[in-house]
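Because the structure is predicted, anything quoted here is derived from the model rather than measured.
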Amino acid sequence: MAGIVNQERFQYAIDLLQKELFKFTVTNPVQVEVSTLAQKKSLPDSIKAKLIEKEHFVLYRKAGKGVIELIGADESGVLYGCLELLANKTWQGNQPFFIQDGPKMVMRGTSIGLQKTTYLPGHDIYEYPYTPESFPWFYDKQLWLNYLDMMAENRYNALYLWNGHPFSSLVKLKDYPYALEVNESTFQKNQDIYTFLTKEANKRGIWIIQMFYNIILPKPFADRHGLKTQERNRIITPLISDYTRKSIAAFVAKYPNVGLLITLGEAMEGVGQDDINWFTKTIIPGVKDGLQLSRTAGEPPIILRAHDTDAPAVMQAALPIYKNLYTMAKYNGEALTTYTPRGKWAELHRSLGDIGTVHIQNVHILANLEPFRYGSPDFIQKSVKAMHEVHHSNGIHIYPQASYWDWPYSADKVDNRLLQVDRDWMWYKAWARYAWDENRDLLNEKSYWSKELVHYYGIPEKDAQKLLLAIEEIGEISPKILRRFGITDGNRQTSSLGMLMTQLINPYRYGLFTMLYESEAPEGEMIVDYVEKDYRYEGHIGETPAQVAREIVQHGARAAALIKTLGTPTKNVAEFDRWLNDIRIHQLLANHYSYKVKAAIQLLRYKYVRDLNALRKALPDLEQSVEEYRKLTAITDKTYLYANSMQTKQRKIPMRGADATFIHWKEMLPVFETELNNFKQAIDSLSKMSDTPTQIKVGLKSQQVTFLDNQQLIPLKKGAKLYADQELVVTHLANELEGIQAIQIDAANQKLVGTHLRFKSEKPVKILVGYFNSTDKVFAPKPVLEIDASANDFGQAEAKVRNAIRIQYMPMVDIHTYSFPAGTNELKIPKGEVLVLGVVDDRELPNPYNADVDNQGDDLDDLFGYYQGTKL
């Protein structure tokens with residue numbers, strides 16, 4: 001067909017129009033002439049001007065009952081014009097009309113993870129070969145068609161498939177046949193379904209994009225060569241580079257129209273020349289090799305994800321050798337917290353958006369929203385406006401609203417598991433609507449969404465308006481809770497499960513991710529800052545914890561009042577009831593947090609006044625917070641299977657979630673009850689003592705190990721010289737550390753190649769590693785789960801002894817511990833200065849504490865005791 005580039009997409013649009021239009025025009029036929037701009041030899045310049053951009057279209061009729069002209073800038077424009085014609089009934093009258101439209105966001109995508117809630121045996125995080133046993137839904141063609149139809153209806157144009165290393169499931173390599181991770185039968189199934197998926201997606205104007213992490217190796221390949229599948233600090237070798245380059249080449253040759261989304265960081269040490277080299281000397285050459293093999297002209301887009309890498313530097317190095325590059329960065333981290341982003345993270349977005357290529361916003365994981373329903377059009381519309389205006393972005397990438405790791409199912413406790421795509425239809429529709437055009441009139445939007453609810457639930461419009469308002473009210477609760485009280489924007493925290501009191505009053509103990517407050521929240525104060533300002537009679541700034549504690553209760557109360565008078569729906573009744581149930585759950589969650597935050601504010605005042613009445617005044621609010629949580633547990637026990645879909649050791653807050661533990665409110669209720677009882681007992685004990693006794697820490701003893709690289713040992717004490725290449729000495733030291741054998745370090749070498757320690761031990765041991773409390777690049781970065789999924793493989797993510805040691809002229813040092821079994825082991829730490837302060841028995845330092853060697857003040861954590869051996 002002359003003038004048509006994508007025949008399949010054009011024909012799909014025509015077939016869809018004919019099929020659906022027939023239903024409306026069986027008694028009153030209408031004639032529609034469909035074409036692309038390239039097919040039109042003569043058009044007024046005024047119409048051509050409206051079809052300059054891809055995916056745009058015009059629809060018009062010059063006279064009553066005349067021919068309707070549908071012209072697309074391209075085949076996608078034709079498809080969207082057909083969808084508009086079916087949705088917009090203007091043409092059913094006899095009047096002339098003219099409609100022009102096109103998207104504001106040029107990339108509008110959703111994502112699906114081929115990943116699971118727990119690890120596969122013998123594998124690490126993200127390592128999930130494509131098999132029917134792990135992903136039976138992946139081979140369900142009807143499920144794919146339903147999902148693709150949803151995407152087309154909402155005018156999404158990209159589908160991202162997330163997996164650690166997909167190539168060993170999808171291609172065979174002549175030079176590395178043993179790298180294939182699936183059997184022959186499964187390999188054929190994978191090729192069949194992937195070909196089917198890309199073909200059907202193309203018809204609907206959807207670009208399939210395969211995501212992968214670097215550097216992950218398939219297990220059979222790694223085993224063959226004596227390598228680990230993942231090693232963050234691994235050296236890039238010719239073998240690893242050659243395998244990866246040939247994998248990418250084979251994939252691109254087989255699927256030249258499939259895009260690639262690259263995560264350089266996390267599975268390899270982020271931010272540095274290695275990232276640049278890997279991207280420019282392995283990945284891009286692999287893509288070019290594949291294009292040459294397939295004899296495909298043009299460069300398929302490659303999307304660089306700005307996660308744990310210096311994306312501007314990588315782009316600067318890559319653009320001279322590959323032009324069709326996109327960038328992507330998380331919007332609010334792994335959560336949804338604000339439509340007023342700011343700070344350094346916003347600066348990074350702008351720097352990427354201003355490069356001149358397409359910059360995509362990644363609405364990622366949503367750890368603070370799961371598992372409950374979320375569909376606030378107002379919050380979403382404002383967020384998309386911020387993506388344009390603050391982040392200078394022109395693309396969007398949407399994660400599932402909840403249960404990402406458990407696709408395709410939601411966490412609802414029902415006889416037949418609910419599909420996420422069905423349950424969260426409003427989520428997908430809202431992001432798509434505003435990605436297409438965020439500048440829509442507020443009153444018109446209220447009317448639009450009310451009518452959508454009328455249609456979906458079969459309720460009167462007045463009831464739909466109330467339900468919409470209730471959804472908007474609860475849409476503010478979870479974002480406000482996390483951004484004002486939380487520890488992190490990452491999925492190591494599940495905020496719907498609540499927080500320990502020590503997490504509220506001492507967030508630094510838990511590795512506070514400060515970007516949450518500095519970039520992903522309006523200007524405001526943390527709880528600890530708020531109380532200190534009160535004590536010092538200083539003015540408060542911006543959004544305060546006390547303010548949010550009030551507001552979330554008000555949101556919940558208004559939402560609950562709105563749904564009290566709703567009538568009975570006539571469609572999707574069970575789902576309607578589940579929405580109302582989630583609204584009630586949000587109210588209870590808001591009440592729980594509000595009471596607990598008020599208790600935390602009161603409790604922190606004790607730190608300054610040392611008056612037991614301050615603790616006693618906190619008790620009623622803490623008791624009420626537990627009562628609200630008890631109600632929350634009762635309702636969620638009947639309605640939800642779990643709170644968080646990532647059920648691995650990466651989940652740390654409110655309790656460590658290894659092996660699918662502490663994933664439900666009924667598991668957390670005893671923790672909060674114990675916390676309350678311990679607090680009561682602490683008050684009682686303190687009231688019987690004139691002075692609070694000072695706890696004396698038992699001295700640590702060095703554990704004998706054999707170092708394999710002639711390390712020089714230095715006894716820890718004040719005045720000890722821990723550097724081999726600098727004249728710096730220990731000035732402050734926790735008493736319990738005195739006498740253990742530290743390793744003398746070479747700071748210059750650490751900055752150049754990192755720290756590598758090999759040793760043998762006859763029993764399990766802990767290595768004490770001192771990280772400087774500074775983000776300066778001269779220091780090794782602390783293990784942070786937000787950017788490194790392996791950051792707790794040795795139990796190192798949490799600081800075990802905070803404020804433990806100070807070196808002359810240097811920042812304070814926190815001690816993190818790395819646990820190793822008996823035998824030969826090695827410790828690898830990224831480039832930068834770090835202290836190796838000794839080796840102790842693995843049973844030592846079971847719980848974290850604050851040594852406070854600078855006498856900055858106690859942190860009150862001991863008031864809450866332990867829960868089954870875990871310090872609260």
Side-chain angles (χ1 to χ4, degrees), residues 111-139 161-166 168-169 181-182 186 211-213 216-220 222-223 228-232 263 266-267 334 364-371 399-413 417-420 488 490-497 636 640-668 785-786 788-798 819 870:
S111 72
I112 290 175
L114 278 101
Q115 299 175 153
K116 298 180 71 64
T117 59
T118 56
Y119 296 169
L120 293 180
H123 288 267
D124 210 332
I125 190 169
Y126 307 130
E127 296 175 13
Y128 300 104
Y130 294 2
T131 67
E133 293 76 23
S134 292
F135 307 107
W137 56 265
F138 183 62
Y139 306 90
L161 303 179
W162 284 61
N163 183 269
H165 187 77
S168 55
S169 297
E181 278 195 282
V182 298
T186 298
M211 177 270 181
F212 64 98
Y213 286 91
I216 295 181
L217 302 174
K219 186 169 174 55
D223 291 346
K228 295 179 180 179
T229 56
Q230 296 185 50
E231 187 176 8
R232 180 170 170 83
T263 300
E266 188 156 340
E334 297 180 347
H364 192 86
I365 289 290
L366 294 313
N368 67 322
L369 302 186
E370 68 174 357
Y399 258 54
Q401 188 262 301
S403 302
Y404 163 78
W405 301 90
D406 200 14
W407 182 270
Y409 303 110
S410 73
D412 296 83
K413 194 174 184 178
R417 297 288 300 274
L418 299 181
L419 295 177
Q420 294 178 33
T488 173
N491 61 8
R492 69 181 169 102
Q493 174 169 5
T494 303
S495 59
S496 64
L497 285 175
T636 52
Y640 280 98
L641 298 171
Y642 56 77
N644 56 302
S645 62
M646 189 184 73
Q647 298 166 8
T648 65
K649 60 187 177 183
Q650 275 72 27
R651 216 295 303 287
K652 302 280 288 180
I653 300 166
M655 294 285 281
R656 189 167 183 262
D659 302 321
T661 55
F662 296 105
I663 63 173
H664 200 281
W665 298 264
K666 63 186 178 185
E667 294 175 272
M668 282 304 304
L785 281 165
E786 281 77 6
D788 176 12
S790 66
N792 201 44
D793 284 358
F794 304 94
Q796 75 271 32
E798 185 175 38
S819 291
T870 298

message: Restricting to non-hydrogen atoms, name the atom on Pro400 and the atom on Leu366 that form the minimum distance, rounded to 0.1 Å.
response: O-CD2, 3.7 Å

message: Between Asp223 and Lys228 (salt bridge meaning N to carboxylate O under 4.0 Å), is one present in this structure?
response: no

message: Test of understanding: with ring pair (Phe, Tyr, Trp, His ring centres under 6.0 Å), list the residues that count as partners of Phe212, not counting sequence neighbours.
response: Phe167

query: Quick check: does any side chain N or O of His165 sit under 3.5 Å from a backbone N or O of Thr229, one acting as donor and the other as acceptor?
result: no

task: For side chain to side chain contact (heavy atoms under 4.5 Å, CB included), just list the numbers for Tyr399 and Trp162, CA-CA rounded to whole Å, side-chain angles, deciding distance to a tenth of an Å, and then say yes or no.
output: CA-CA 10 Å; Tyr399 258 54; Trp162 284 61; 3.1 Å; yes

- request: State, without any angle test, whether Tyr642 and Ser403 hold a side-chain donor-acceptor pair at a distance under 3.5 Å.
  value: yes

task: Only counting residues at least two apart or in another chain, list the ones meeting salt bridge (Lys or Arg N to Asp or Glu O under 4.0 Å) with Glu127.
output: none

- request: Measure the CD-CG distance between Gln796 and Leu785 for me, rounded to the nearest 0.5 Å.
  value: 8.0 Å

query: Listed by chain and number, what are the salt bridge (Lys or Arg N to Asp or Glu O under 4.0 Å) partners of Glu798, not counting sequence neighbours?
result: none

Any donor-acceptor pair under 3.5 Å from Asn792 side chain to Ala797 backbone: yes

- prompt: What do you reckon, are the aromatic ring centroids of Trp407 and Phe135 less than 6.0 Å apart?
  reply: no

task: Rounded to the nearest 0.5 Å, what's the gap from CD on Gln115 to OG1 on Thr117? Could you check?
output: 11.5 Å

- prompt: So, for Pro371 and Tyr640, which heavy atoms are closest and what is the spacing to 0.1 Å?
  reply: O-CE2, 3.6 Å

query: Under 4.0 Å between a Lys/Arg side-chain N and an Asp/Glu carboxylate O for Lys649 and Asp793?
result: yes

- prompt: Please walk me through it: do Met211 and Leu161 pass side chain to side chain contact (heavy atoms under 4.5 Å, CB included)?
  reply: CA-CA 6 Å; Met211 177 270 181; Leu161 303 179; over 6 Å; no

Candidate pair Tyr128 and Ser134, rule side chain to side chain contact (heavy atoms under 4.5 Å, CB included), full reasoning: CA-CA 8 Å; Tyr128 300 104; Ser134 292; 5.6 Å; no

task: Could you tell me whether Glu181 and Lys219 have a side-chain N and a carboxylate O separated by less than 4.0 Å?
output: no

- prompt: Could you give the distance from CG (Leu641) to OG1 (Thr636), rounded to the nearest 0.5 Å?
  reply: 11.0 Å

Residues that Asp788 engages under side chain to side chain contact (heavy atoms under 4.5 Å, CB included), provided they are two or more places apart: Arg232, Ser790, Ala791

Ser410 versus Asp412, closest heavy-atom pair with distance: OG-OD1, 2.6 Å

message: Tell me every residue that passes side chain to side chain contact (heavy atoms under 4.5 Å, CB included) with Thr661, counting only those two or more places apart in sequence or in another chain.
response: Glu667

field: Value rounded to 0.5 Å, distance of CG in Leu419 from CH2 in Trp137
entry: 11.5 Å

field: Under 3.5 Å side-chain donor-acceptor pair for Glu370 and Ser496
entry: no

message: Could you report the tightest heavy-atom contact between Asn163 and Leu114, atom names first, then the distance?
response: ND2-O, 2.9 Å

query: Between Glu334 and Ile365, is there a donor-acceptor pair closer than 3.5 Å when you use the side chain of the first and the backbone of the second?
result: no

task: With sequence neighbours excluded, tell me which residues meet ring pair (Phe, Tyr, Trp, His ring centres under 6.0 Å) with Trp405.
output: none

task: Go through the steps for Asp406 and Arg417 under the test side chain to side chain contact (heavy atoms under 4.5 Å, CB included), then give the verdict.
output: CA-CA 11 Å; Asp406 200 14; Arg417 297 288 300 274; 2.7 Å; yes

- prompt: Can Asn491 and Tyr404 be counted as having a side-chain donor-acceptor contact under 3.5 angstrom?
  reply: no

- prompt: Does one side chain, of Gln493 or Ser495, offer a donor that lies under 3.5 Å from an acceptor on the other?
  reply: no

message: To check you understand the geometry: which heavy-atom pair defines the closest contact between Ile125 and Gln230, and what is its length?
response: O-NE2, 2.6 Å

task: Spell out, as yes or no, whether a donor-acceptor pair under 3.5 Å connects the side chain of Gln647 to the backbone of Gly657.
output: no

message: Nearest 0.5 Å, please: how far is OH in Tyr409 from CG in Leu418?
response: 11.0 Å

- prompt: Do any N or O atoms from the side chain of Arg651 and from the backbone of Phe662 form a donor-acceptor pair under 3.5 angstrom?
  reply: yes

task: Indicate yes or no: at least one non-hydrogen side-chain atom of Leu497 is less than 4.5 angstrom from one of Asn644.
output: yes

